[in-house]
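Note that the structure is a prediction, hence the values are computed from the model and not measured. Letters go in sequence order (proteins before strands), and every chain restarts at 1.
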There are 2 protein chains.
Amino acid sequence: MEKKHDNFDLDNLDIQILSILMNDASIPYTEIAKKLIVSGGTIHVRMKKMEEMGIIRGSNLIINPQKVGFDITAFLGIYLEKGSQYNHAVEQLKQVKEVVELHYCTGAYSMFAKIICRDTTHLRKVLNEDIQSVKGIQRTETIISLEESIKRQISLT
Amino acid sequence: MEKKHDNFDLDNLDIQILSILMNDASIPYTEIAKKLIVSGGTIHVRMKKMEEMGIIRGSNLIINPQKVGFDITAFLGIYLEKGSQYNHAVEQLKQVKEVVELHYCTGAYSMFAKIICRDTTHLRKVLNEDIQSVKGIQRTETIISLEESIKRQISLT
DNA sequence: GTTGAAAAGTGCTGCGA
DNA sequence: TCGCAGCACTTTTCAAC
């Protein structure tokens with residue numbers, strides 16, 4: 001049977017269950033079952049299968065960072081002296097809790113990070129004290145987000 | 001009473017509840033109550049308060065994009081011809097479902113996007129057909145993520 | 001694989017302190 | 001403001017299809 005895209009062992013029902021829960025993980029299985037016209041037990045079986053397959057990583061409560069005092073989102077292009085210092089730098093940056101994403105990437109930068117800080121003073125402290133002090137990091141370029149216009153999950157359909 | 005940081009009207013209990021649920025939204029209130037040595041009802045009241053304050057945006061099921069066939073994460077620096085075209089460009093980019101984040105930002109780029117695609121063919125199609133065709137977008141620079149080393153929420157404590 | 005219903009666990013509400 | 005107890009709802013399991 002030909003599908004539009006190869007989604008491994010997932011059928012349409014799986015994809016639809018994921019699509020619903022990706023936007024709101026608190027929707028009860030019974031309600032999903034009604035919407036997709038299957039029984040609650042089926043939703044449960046499918047979810048369990050997808051958890052075992054490692055497709056589902058877990059669930060997050062999404063908060064508004066600004067409302068808890070974190071006002072600044074910034075992206076950081078990081079230049080490493082040598083590529084071989086990557087693993088060490090990752091371990092160091094894991095200790096910096098303001099770093100919420102870190103990517104090893106192509107292009108001019110060796111690594112690319114997303115960080116969230118309380119204010120400009122906090123940002124400066126993280127950049128100067130925490131990031132720049134990591135061995136192997138040569139220099140960084142900072143892009144500050146003034147507005148987050150889109151923030152969503154991928155659409156599977 | 002002096003606190004380490006100003007978290008608006010949140011006390012330590014609120015922060016601890018959020019910290020737990022941000023990492024796993026499926027943990028039952030009763031278990032949180034036991035851990036923090038308060039009643040389940042108290043957790044409920046605090047959560048309701050924070051929902052009304054707009055601190056809690058909702059909850060997401062976190063999936064592994066690679067396991068559902070989305071193998072490429074890329075960041076896009078976008079140059080606009082004129083800053084005034086920002087609002088229009090945002091509306092256009094909202095229609096491109098591969099764009100999962102969009103920021104209005106400082107620095108060389110006018111806007112900064114995160115996109116998730118199935119493969120290189122898909123990425124090329126999104127860049128050439130969907131992104132470049134948006135009126136006002138002059139050119140883009142693409143940074144492809146080869147590995148996501150860190151992916152987490154901010155730590156409130 | 002799916003169903004439907006029973007059993008176990010959790011969320012919600014109101015009263016009392 | 002918090003804690004306790006009862007009710008409603010959800011999740012989980014399982015025999016049968």
Side-chain angles (χ1 to χ4, degrees), chain A residues 1-64 67-69 153 156-157, chain B residues 1-64 67-69 153 156-157:
Chain A
M1 201 189 300
E2 196 59 40
K3 280 178 294 183
K4 195 180 169 194
H5 293 293
D6 179 18
N7 277 325
F8 298 79
D9 297 323
L10 301 182
D11 64 12
N12 269 334
L13 182 58
D14 294 320
I15 297 290
Q16 285 180 66
I17 295 169
L18 287 181
S19 297
I20 291 171
L21 289 173
M22 278 165 66
N23 291 314
D24 185 350
S26 69
I27 293 176
Y29 286 5
T30 49
E31 196 176 319
I32 298 171
K34 249 188 291 175
K35 201 176 288 184
L36 302 181
I37 320 176
V38 291
S39 77
T42 300
I43 306 289
H44 186 255
V45 170
R46 297 303 189 99
M47 284 296 289
K48 203 172 167 188
K49 180 193 74 179
M50 292 192 283
E51 276 165 20
E52 281 163 4
M53 288 171 73
I55 291 169
I56 294 171
R57 276 185 179 175
S59 58
N60 280 353
L61 193 73
I62 306 303
I63 65 156
N64 187 341
K67 294 244 178 180
V68 289
Q153 300 245 61
L156 300 180
T157 50
Chain B
M1 202 188 299
E2 196 59 40
K3 279 179 294 185
K4 197 180 170 195
H5 293 293
D6 179 17
N7 277 326
F8 298 79
D9 298 323
L10 301 181
D11 64 12
N12 268 334
L13 182 58
D14 293 321
I15 297 290
Q16 285 179 68
I17 294 169
L18 286 182
S19 297
I20 291 170
L21 289 174
M22 278 165 66
N23 291 316
D24 186 349
S26 70
I27 293 176
Y29 287 5
T30 50
E31 196 176 317
I32 299 172
K34 248 188 291 176
K35 200 175 288 183
L36 302 181
I37 319 176
V38 291
S39 78
T42 300
I43 306 289
H44 187 257
V45 170
R46 298 304 188 99
M47 284 297 287
K48 203 171 165 188
K49 180 192 75 179
M50 291 191 283
E51 275 165 21
E52 281 162 4
M53 288 171 73
I55 291 169
I56 294 170
R57 276 185 180 175
S59 57
N60 279 352
L61 192 74
I62 305 305
I63 65 156
N64 186 342
K67 294 243 179 181
V68 290
Q153 299 244 63
L156 300 179
T157 50

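- For D:dT1, the OP1/OP2 oxygens have no side-chain nitrogen or oxygen of B:R46 closer than 4.0 Å.
- Partners of B:S39 according to the side chain to side chain contact (heavy atoms under 4.5 Å, CB included) rule, which considers only residues two or more places apart in sequence or in another chain, are B:T42.
- Take A:S59 and apply the side-chain hydrogen bond (donor to acceptor under 3.5 Å, both in side chains) test, not counting sequence neighbours, and it matches no residue.
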Kindly give the atom pairs (protein nitrogen or oxygen, nucleotide nitrogen or oxygen) under 3.5 Å for nucleotides 15-17 of chain C.
none

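- At whole-Å resolution of the value, NZ in A:K34 and C1' in C:dT3 are 17 Å apart.
- For B:N64, the side chain to side chain contact (heavy atoms under 4.5 Å, CB included) partners two or more places apart in sequence, or in a different chain, are A:R57, B:Q66, B:K67.
- Looking at residues two or more places apart in sequence or on another chain, you find a side-chain hydrogen bond (donor to acceptor under 3.5 Å, both in side chains) between A:S26 and A:D24.
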Sub-3.5 Å pairs of nitrogen or oxygen atoms, protein against nucleotides 10-14 of chain D:
residue	atom	partner	partner atom	Å
D:dT11	OP1	A:Y29	N	3.4
D:dT11	OP2	A:Y29	N	2.7
D:dT12	OP2	A:H44	NE2	3.2
D:dT12	O5'	A:H44	NE2	3.3

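- In this structure, B:I32 atom CD1 and C:dC12 atom P are separated by 12 Å, rounded to whole Å.
- Under 4.0 angstrom from either OP1 or OP2 of D:dG3 there lies at least one side-chain N or O belonging to B:T42.
- Following rounding to the nearest Å, B:I37 (CD1) and D:dG3 (P) show an atom-to-atom distance of 11 Å.
- Atom NZ in B:K49 sits roughly 11 Å away from atom C1' in D:dT1 (whole-Å rounding).
- Applying the side-chain hydrogen bond (donor to acceptor under 3.5 Å, both in side chains) test to A:D14 and every residue at least two apart in sequence or in another chain returns A:R46, A:K49.
- Taking both residues in full, the closest heavy atoms of B:I43 and B:I32 are given as CD1-CG2, 3.7 Å, listed atom of the first, atom of the second, then distance.
- Taking each heavy atom of B:Q153 and B:M22 in turn, the nearest pair found is NE2-O, 3.3 Å.
- Contact check for B:T30 versus B:K35: no side-chain heavy atoms found under the 4.5 Å cut-off.
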